[in-house]
Amino acid sequence: MSDPKKIHIEDVYKVYDGRAVLDNVDLCVSAGEFCALVGPSGCGKSTLLRLILGQEQPSRGSVLIEGQAAGFPDPRRGIVFQRYSLYPHLTVLDNVLLGRRLAQPWSWLPWSKPRPDDRDEAMDLLERVRLGDAAAKFPHELSGGMQQRVAIAQALIMKPPVLLMDEPFGALDPDTREDLQVFLLELWERERLTMFFVTHDLEEACFLGTRLLVLSQYYTDARGADAPRGGKIVADYRLSPTGTATAVKRRDEFKNFIHELRETGFDPAIRRHVKDFDLEHPDSFQTLTAEEYRRDGEKSAGNP
Ligand SMILES: Nc1ncnc2c1ncn2[C@@H]1O[C@H](COP(=O)(O)OP(=O)(O)OP(=O)(O)O)[C@@H](O)[C@H]1O
Ligand SMILES: [Mg+2]
């Protein structure tokens with residue numbers, strides 16, 4: 001029976017060179033959710049995305065897409081990276097057509113031409129990302145924001161129900177970034193995509209996501225404070241939709257929420273003392289009490 005959950009990650013570990021990078025990750029994502037994934041550098045965000053993409057396989061546990069093993073990359077998922085997804089020697093149109101052409105037999109023959117239907121669809125997509133006029137240009141002739149819109153069209157042409165994005169706006173200036181955030185929300189609403197969006201920008205995560213996932217390697221559990229451990233999901237917030245007006249970011253409510261998040265989850269001094277997150281209570285971090293904090297400190301001092 002097919003699993004109604006779009007993505008089901010169960011008990012996943014990923015080990016590189018004998019070191020756990022992901023440490024018991026459990027996650028269920030429904031169709032149409034916009035998951036914004038944040039967390040300290042090196043906690044395994046990109047690794048988790050690669051597991052969902054099928055570019056990497058879990059060392060233990062399972063990654064299911066609608067009940068089927070994630071396996072290897074296929075059109076069920078598309079991905080957009082921070083940069084470098086475009087081929088510099090191909091025009092914008094040919095870059096968008098690439099996935100379709102590679103799926104055709106004989107696509108490697110130099111005289112093979114795109115099918116007219118594919119071409120129309122690619123042009124239609126370029127119109128949707130507001131780049132209809134740039135079809136014949138080469139990537140170096142476009143701004144960073146335009147290139148990222150081409151990369152989004154390139155991923156969308158295979159009609160993936162799940163779109164994975166790894167810091168896609170990280171290299172853009174603030175205005176372009178804001179513009180693309182609104183663009184992405186509109187696209188997500190229209191195409192009913194299930195999104196996985198990695199960012200280092202908490203504001204961006206809270207603005208875009210219907211769900212905020214915090215992956216972190218900084219948590220304490222029965223293994224003791226200094227045991228090596230990989231990243232796991234330490235917080236899972238449901239966010240109410242903010243709408244697509246970026247003005248919402250300037251509201252006090254929004255600013256206060258961001259401030260609270262930073263205080264509780266991201267201050268390094270505090271996050272080292274975050275207790276194992278209890279998934280029964282997905283709305284809060286469970287920080288140590290002052291007494292537990294003191295005892296923890298004494299323990300560490302006694303066992304250097
Ligand atoms: N192919 C690999 N071989 C060995 N180690 C790897 C490999 N890929 C990732 N790692 C290690 O796994 C850890 C997590 O890497 P990952 O790129 O997933 O982190 P991240 O959360 O995306 O970090 P950042 O925010 O800096 O992008 C890092 O310590 C990294 O060095
Ligand atoms: Mg990364």
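Basis for what follows: all heavy atoms, side chains included, without hydrogens, waters or symmetry-related copies. Just follow the structure's listing: the first ligand is 1, and inside any ligand the first atom is 1.
- Neither the backbone nor the side chain of Gln55 has a heavy atom within less than 4.0 Å of ligand 1.
- To the nearest 0.5 Å, atoms NZ (Lys137) and CG (Asn95) are separated by 14.5 Å.
- More than 12 heavy atoms of other shown residues, nucleotides or ligands fall within 6.0 angstrom of atom OH in Tyr16.
- At a heavy-atom distance under 4.0 Å, only side-chain atoms of Arg19, from C-beta outward, approach ligand 1.
- Nearest protein heavy-atom contact of atom 26 (O) of ligand 1 is Ser41 OG, 2.5 Å.
- Distance check for Thr47 against the Mg ion (ligand 2): none of its N/O/S atoms falls below 2.8 Å.
- Close approach of ligand 1 to Glu167 (heavy-atom distance below 4.0 Å) involves ligand atoms 27 (O).
- With a 4.0 Å heavy-atom cut-off, ligand 1 is reached by the backbone of Thr47 and by its side chain too.
- A cation-pi contact, defined as under 6.0 Å to the ring centre and within 45° of the axis, links Arg60 to Tyr13.
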Determine, stepwise, if the pair Glu33 / Arg238 fulfils salt bridge (Lys or Arg N to Asp or Glu O under 4.0 Å).
CA-CA 10 Å; Glu33 279 192 277; Arg238 304 277 165 180; 2.9 Å; yes

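- Ranking protein heavy atoms by distance to atom 23 (O) of ligand 1, first place goes to Gly42 N, 2.9 Å.
- Applying the 6.0 Å contact sphere to CZ of Arg100 captures more than 12 heavy atoms from other residues, nucleotides or ligands.
- Relative to atom 21 (O) of ligand 1, the option among Lys45, Glu56, Lys14, Gln217 with the closest non-hydrogen atom is Lys45.
- Ligand 1 has no nitrogen or oxygen under 3.5 angstrom from a nitrogen or oxygen of Val21.
- For ligand 1, the polar-atom distance check finds an N/O of Cys43 within less than 3.5 Å of one of the ligand's N/O atoms.
- If you check which protein heavy atom lies closest to atom 3 (N) of ligand 1, you get Tyr16 CD2, 3.5 Å.
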Salt bridge (Lys or Arg N to Asp or Glu O under 4.0 Å), that's the test. Do Lys45 and Asp166 meet it? Break it down for me.
CA-CA 8 Å; Lys45 302 180 292 299; Asp166 198 351; over 6 Å; no

I would like to know whether Asp74 and Arg76 meet salt bridge (Lys or Arg N to Asp or Glu O under 4.0 Å); could you show each step before the answer?
CA-CA 6 Å; Asp74 65 26; Arg76 289 179 294 168; 3.0 Å; yes

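- Checked against the 6.0 Å centroid threshold, Phe197 and Phe169 count as a close aromatic pair.
- Near His200, meaning under 4.0 Å from any of its heavy atoms, are these atoms of ligand 1: 25 (O).
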Chi angles and distances behind the salt bridge (Lys or Arg N to Asp or Glu O under 4.0 Å) call for Arg177, Glu203:
CA-CA 12 Å; Arg177 191 169 185 152; Glu203 274 193 9; over 6 Å; no

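- Every atom of ligand 1 with a heavy atom of Arg50 under 4.0 Å away is listed here by number and element: 8 (N), 9 (C).
- Taking any N or O of Ser46, backbone or side chain, at least one lies under 3.5 Å from an N or O belonging to ligand 1.
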